[in-house]
Protein chains: 2
Amino acid sequence: MARKPKSRSQGTSADGTSSVTLIDVARMAGVAPMTVSRALNRPELVREETQKKVLAAVRATGYVPNMLAGGLASSRSRLVAVLLPTIASSIFAETVQALMDGLSVANYQTLIGLTGYSASREEALVEALLGRRPDAIVLAGTDHTSTTVDRLTRAGIPVVEIWDLTEKPIDMAIGFSHEQVGRDVARHLVKKGYRRFGVISVNDPRGLRRCESFKAELARQGIGDCPFETLPAPATLEGGRRGLWRMLEYTRPDIIVCSSDTLAEGVLMEAASRGMHVPDDLAVMGFGDLTMAAQLHPALSTVKVGGADIGKRTAAALLERFQMAAARGPVCIDTGFSIIDRESA
Amino acid sequence: MARKPKSRSQGTSADGTSSVTLIDVARMAGVAPMTVSRALNRPELVREETQKKVLAAVRATGYVPNMLAGGLASSRSRLVAVLLPTIASSIFAETVQALMDGLSVANYQTLIGLTGYSASREEALVEALLGRRPDAIVLAGTDHTSTTVDRLTRAGIPVVEIWDLTEKPIDMAIGFSHEQVGRDVARHLVKKGYRRFGVISVNDPRGLRRCESFKAELARQGIGDCPFETLPAPATLEGGRRGLWRMLEYTRPDIIVCSSDTLAEGVLMEAASRGMHVPDDLAVMGFGDLTMAAQLHPALSTVKVGGADIGKRTAAALLERFQMAAARGPVCIDTGFSIIDRESA
DNA sequence: CTGTTAGCGCGTTCAC
DNA sequence: GTGAACGCGCTAACAG
């Protein structure tokens with residue numbers, strides 16, 4: 001009754017490639033392959049004694065489950081695809097880190113794609129990542145090409161749009177309203193008595209929306225004039241310096257509102273090098289997470305948004321979905337933001 | 001001769017899940033499945049006319065190749081696993097970004113694992129990532145558990161250890177010598193005339209090695225006394241401030257050497273808030289990439305290491321390996337570093 | 001609780 | 001140039 005051995009190279013082959021399979025483990029443990037699978041994935045369905053034999057065989061062989069095969073068979077890849085503009089901006093980095101941490105405790109892994117703020121790159125990446133059959137997909141923003149939206153919808157998996165909010169999310173949205181940030185900041189600063197404003201923003205869609213909303217609210221409050229400097233993304237300290245430099249050539253604002261903390265830090269540096277005192281000669285307001293910048297410049301006001309919080313809540317929302325395996329209706333989570341004002345402290 | 005239709009849910013099912021397969025495309029195009037596969041992966045083997053029919057069918061069906069299946073069949077996953085301590089440190093972020101960029105042009109995707117500087121987490125992650133059968137694995141540093149080294153070796157794929165150099169890499173090493181950084185900085189500063197040093201470092205293995213090497217070289221030059229402050233990782237501005245604060249309680253160095261630019265920026269801030277002038281009252285030396293910090297503080301000297309360069313060269317080295325499919329002997333690439341001195345500028 | 005059967009969707013290998 | 005079988009390594013579904 002000897003079974004004919006497989007023809008291809010098995011076991012530890014000459015090139016050092018060990019392709020130990022479930023079958024090898026099963027043979028060594030003296031059980032059926034299916035039992036090994038169960039012992040590894042659903043130990044509660046297996047007798048303790050069997051379990052031990054299997055684990056011993058796993059260790060002895062150095063078996064590492066092939067998740068390509070497992071994913072194919074079960075149509076659950078335990079992979080989450082994440083699409084972000086960039087990772088070299090600390091604010092997104094915090095989100096990814098938190099998201100990965102949250103997912104990894106449930107044995108999900110993360111496939112990252114970098115779009116560089118380009119919708120066409122996003123479109124290509126969505127297709128490429130979908131090829132891995134992820135169990136969910138997370139992407140920054142709510143502004144996608146129609147092809148992207150179409151593919152996302154048809155993928156039939158949870159889709160989370162983060163870092164923004166929208167009336168009609170593809171599936172879920174977790175973030176905050178950039179319009180509201182702009183409006184609230186404007187109201188706050190006007191109430192504090194500021195009248196001469198300047199805005200410095202990088203050319204990033206959400207940053208621009210915050211700034212536009214800010215200007216619109218100012219206009220509503222009767223302040224029509226608001227100098228605006230735009231710089232190419234990504235935000236850098238140098239950009240902040242240059243922005244202030246250019247602005248001071250034609251106006252003298254009391255306060256500069258920046259689209260990000262990095263820019264704000266650059267502004268602070270330029271102000272310092274001109275001997276301007278912050279916030280008396282010039283106040284500065286940033287935007288971002290407190291982790292790096294703002295907690296330290298005693299004079300820098302800022303809008304705090306929880307980059308890590310977004311990641312954490314995204315992970316939680318996904319794990320919940322995975323558990324009940326039922327696609328409920330649209331979900332929106334407003335992670336909010338808060339205005340940190342250094343002068344009132 | 002009607003073929004019995006498959007039993008499982010196919011086509012666009014009720015739940016919105018479209019599982020279009022190669023077979024569906026083939027049927028629509030009126031060719032064999034194999035021809036579709038070729039048309040997509042090796043178009044040069046297919047007649048132009050056939051090619052067109054296939055592409056039309058692909059578009060019409062919205063087919064997205066299942067790379068789990070493809071990877072399983074071909075044992076080439078087009079996946080590269082990357083293990084890093086963290087991504088929320090801009091220096092690693094640049095490396096990842098460059099690495100991903102380099103790999104993505106060749107249609108490789110990136111699976112990231114975050115170790116948080118823990119060797120045991122690295123060990124667990126290596127096992128988990130290896131389960132995806134990546135075509136290569138990249139990991140930070142050269143200090144791994146023996147289990148990790150063993151698994152890596154047996155995986156039979158290219159392994160790149162980055163951000164460090166070693167006599168005997170597992171496979172390839174791409175980075176620079178942290179000992180040499182410490183030594184060169186010490187020589188440089190002594191030659192410039194500094195005698196009273198202070199070192200502030202976060203508790204990160206490579207950072208500590210740089211600082212230890214720095215102190216050792218100082219000792220060799222006859223400077224045995226060198227105050228040393230260590231802070232918990234990760235590096236923050238706050239850490240830099242606190243480090244300087246603590247140090248100034250018991251000593252008055254002429255120059256502070258920091259394990260990273262972030263720390264150095266914190267030191268600069270603390271110095272500024274004490275009214276100390278940099279570099280006259282206190283010189284500061286950082287370490288990292290020029291992208292963010294150093295290019296802007298006119299008074300901050302630093303060691304420039306190419307974080308992005310490491311990523312780029314890693315991608316290049318891997319793509320080369322993939323092409324010749326032959327595992328050659330060990331490879332070491334020294335990406336070097338350079339000391340940027342603000343005073344001599 | 002454990003084993004058996006039958007694919008998952010694709011690429012390799014050979015015929016044609 | 002194109003097609004037909006076969007199996008990659010695993011798990012769902014059912015039988016025992």
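Here is how names work: the chains are called A, B, and so on, in the same order as the sequence lines, proteins then strands, and each is numbered from 1.
Across every non-hydrogen atom of B/I23 and B/P33, the tightest pair is CG1-CG, 4.4 Å.
Listed nucleotides: C/dC8, C/dC10, C/dG11. Nearest to the side chain of B/T21: C/dC10. Nearest to the side-chain atoms of B/A69 among the listed nucleotides C/dG9, D/dC10, C/dT13 stands C/dG9. The side chain of A/M34 has D/dT11 as its nearest neighbour among D/dT2, D/dC8, D/dT11. Between C/dT2, C/dC10, D/dT2, one nucleotide has an atom nearer to the side chain of B/T35 than all others, and that is D/dT2. Taking every side-chain heavy atom of A/V46 into account, C/dT2 is the closest of C/dG11, D/dG9, C/dT2.
Residue B/N66 places no side-chain N or O under 4.0 Å from the OP1 or OP2 atom of C/dC8. Side-chain nitrogen and oxygen atoms of A/S37 include none within less than 4.0 Å of the OP1 or OP2 phosphate oxygen of D/dC10.
Under the 30°/60° scheme for interplanar angles, the aromatic rings of A/F322 and A/Y108 are found to lie parallel.
The nearest whole Å value for the distance from the CZ atom in A/R27 to the C1' atom in C/dG3 is 16 Å. When rounded to the nearest whole Å, the span between CZ of B/R133 and P of D/dG9 equals 8 Å. Remark: P of D/dC10 and CZ of A/R76 are 16 Å apart, rounded to the nearest angstrom. When rounded to the nearest whole Å, the span between CG of B/L45 and C1' of D/dT2 equals 11 Å. The CG atom of A/D24 sits 13 Å away from the C1' atom of D/dC10 (whole-angstrom rounding).
Put simply, the residue from A/D171, A/D135, A/I157 that forms a side chain to side chain contact (heavy atoms under 4.5 Å, CB included) with A/R321 is A/D171. Tested against B/L139, the residues B/I170, B/T115, B/I162, B/L152 include a single side chain to side chain contact (heavy atoms under 4.5 Å, CB included) partner, B/L152.
Note on B/A32: only backbone sugar-phosphate atoms sit closer than 4.0 angstrom, heavy atoms only; bases stay farther off. Within 4.0 Å (heavy atoms only), B/R38 reaches at least one base atom of the nucleic acid. Residue contacts shown for A/T50 are limited to sugar-phosphate atoms, with no base heavy atom under 4.0 Å away. Note on A/P33: nothing from the nucleic acid sits closer than 4.0 angstrom, heavy atoms only. B/L22 comes within contact range of the sugar-phosphate backbone alone, with a heavy-atom separation under 4.0 Å but no base atom that close.
Of the inter-residue distances, the one linking B/N66 atom CG with B/L22 atom CG reads 10.5 Å to the nearest 0.5 angstrom.
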